Amino acid sequence: MRHQNELPVRSTAGDHPMKRHHTARYYAHRVKENLTTRVSKLICAIFLTLLFLVGVITFVLWLSLRPHRPRFFVRELSIPGLGQENGFANAKIIFNVTARNSNQNFGFYYDAIQMTVNYQDQSIGGETLALPFYQEPKNTTILAGVLGGDSLRVTAGQWRQFMADRSRGAVAFSIELSSTIRFKISTWESKHHRIRATCPVAVGADESLLTTDRDKRCQVYFI
Ligand SMILES: *[C@@H]1O[C@H](CO)[C@@H](O)[C@H](O)[C@H]1NC(C)=O
Ligand SMILES: *[C@@H]1O[C@H](CO)[C@@H](O)[C@H](O)[C@H]1NC(C)=O
């Protein structure tokens with residue numbers, strides 16, 4: 001198009017051949033520039049793809065290798081004599097909680113586990129459950145026992161409230177577990193992590209766990 005427009009000027013303009021030469025060089029330059037842009041775009045694309053792949057692989061590795069937190073389940077919580085006015089005198093709480101290490105490769109070093117039973121946000125008893133111990137991968141530890149005497153502090157007023165709650169259906173408690181754990185994989189050990197598990201469960205009229213709360217999984221937090 002440009003050639004045709006310039007055609008009438010050709011006879012008079014002496015600088016025309018130079019101009020044509022300049023245009024050719026300009027196009028050559030453009031082609032070269034295009035090539036450079038395309039090469040750098042390609043390098044950029046390869047680089048970004050590699051970066052993306054490395055990211056995905058790292059994410060998948062992290063997902064499959066990171067340790068899972070311990071899992072706690074409430075298997076039983078029962079209060080014999082819950083329906084009796086004078087049951088308060090020798091009250092006891094029978095409990096069974098299991099701690100599971102679901103990891104394939106990580107072991108847990110537990111410091112002692114402190115267990116507390118709360119009623120209406122107040123501790124009514126508890127005890128230290130396990131000495132420091134090591135839990136192998138894919139292993140379950142049973143934390144069971146009986147709270148009574150010194151390890152249970154239910155007041156007469158609280159017992160009356162238990163009975164009132166029971167007559168309305170169930171008495172709601174919260175079992176709290178706290179400990180410090182370290183993760184172990186081959187010879188490497190992590191630093192100490194404080195963990196807390198909260199298990200809201202209720203005891204029904206039959207003096208034991210409501211069937212809906214049986215084998216309930218506790219919420220576990222790192223603190
Ligand atoms: C605690 O519960 C687990 C799992 O249900 C069971 O295998 C174990 O025998 C129970 N232990 C006690 C002392 O009740
Ligand atoms: C869990 O660990 C204990 C103690 O190390 C061991 O006696 C028990 O057999 C293990 N249980 C399983 C299911 O591997």
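All values below come from the heavy atoms of this structure, side chains included, with hydrogens, waters and symmetry mates left out. The shown structure was predicted, so the numbers you read here are calculated from the model rather than taken from an experiment. Both counts, for ligands and for their atoms, begin at 1 and track the order of listing.
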For Lys92 and Pro80 the tightest heavy-atom approach is O-CD, 3.4 Å

Does Arg182 qualify as a cation-pi partner of Tyr109, given the criterion of NZ or CZ under 6.0 Å from the six-membered ring centre and within 45 degrees of its axis? yes

Looking at Leu143, Ile94, Val146, Ile142, the heavy atom closest to atom 8 (C) of ligand 1 belongs to Ile142

for atom 13 (C) of ligand 1, nearest protein heavy atom and its distance come out as Ala144 CB, 3.8 Å

With a 3.5 Å cut-off and no angle check, do the side chains of Asn103 and Asn101 form a donor-acceptor pair?
-> yes

* **side chain to side chain contact (heavy atoms under 4.5 Å, CB included) assessment of Thr128 paired with Ile113** => CA-CA 6 Å; Thr128 303; Ile113 299 177; over 6 Å; no

Candidates Thr140, Thr98, Asn96; heavy atom nearest atom 14 (O) of ligand 1 found on Asn96

